[in-house]
Structure formats: C-alpha cells, structure tokens
Amino acid sequence: MATDYDSPRKTDDELGEDSLQELQARRADKAASIIDEDLDAGEVAELPGADLSNEELTFRVVPRQADEFTCSRCFLVHHRSQLATEKNGQPVCRECAA
C-alpha cells in the first residue's frame, strides 16, 4: 500500500475519534490478509492446539548415504560439503563450528 507523505496527518484527538466498529473492521481486514496457506484438494488445515494423539506419522527413513556425515554436536546428517572440521576424529558441521 502506497503512503502519501504529503497528506495531512491525524492529530491525537482525531485518532481517538475512530469508532469501535472502524477499528474492529481494520483488525478483521488485517487478520484476513495474514492467513494465506496453499492447501491441496482434500487437505485440512489443523488449528494450533488440536488433539493429534490418535494420529500416526508414516514416512520412509533413508539410511545415511556415502557422501553424508552425522555431526557430532547437533547429530544432524549433512552432505560432505558441509563438513567444517573433525575434532578427535568426530565430524563437525559448518553451523556448529561457527
């Protein structure tokens, strides 16, 4: 949204005169513009705090590849290009070495 810096500004008194309905409408407009999720057909957006105790996650675990290593500090698997140093024979990634 463009701002016209040459237009007259509202004083503190004028700001206090905004009606409650106007303020609520502005808040609703801002809140509506914040939520923007791409959902595929059939997907359902979960609300924060939703009970997911009966849900099961299923995913395929891929073993570490020959060109990967496990950082001895953060225990994440990284590509060899992320190897910073080896301390006491243990690999350390660039993020942990920084």
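- We find the CZ-NE2 distance between R94 and H78 to be 11.0 Å, quoted to the nearest 0.5 Å.
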| request: Evaluate side-chain contact (heavy atoms from CB on, under 4.5 Å) for F69 paired with V77, printing each intermediate quantity in order. | output: CA-CA 6 Å; F69 71 97; V77 176; over 6 Å; no

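- Here the side chains of R64 and T70 are in contact, with some heavy-atom distance below 4.5 Å.
- The two atoms that bring C93 and C71 nearest to each other are N-SG, 3.4 Å, heavy atoms only.
- Listed for the E68 side chain is a donor-acceptor partner under 3.5 Å among the backbone atoms of Q65.
- Although no hydrogens or angles enter the test, the distance criterion places a donor-acceptor pair under 3.5 Å between the side chain of D51 and the main chain of S53.
- E55 CD to L57 CG: the interatomic distance, rounded to the nearest 0.5 Å, is 8.0 Å.
- A distance of 8.5 Å separates OG of S81 from CG of D67, quoted to the nearest 0.5 Å.
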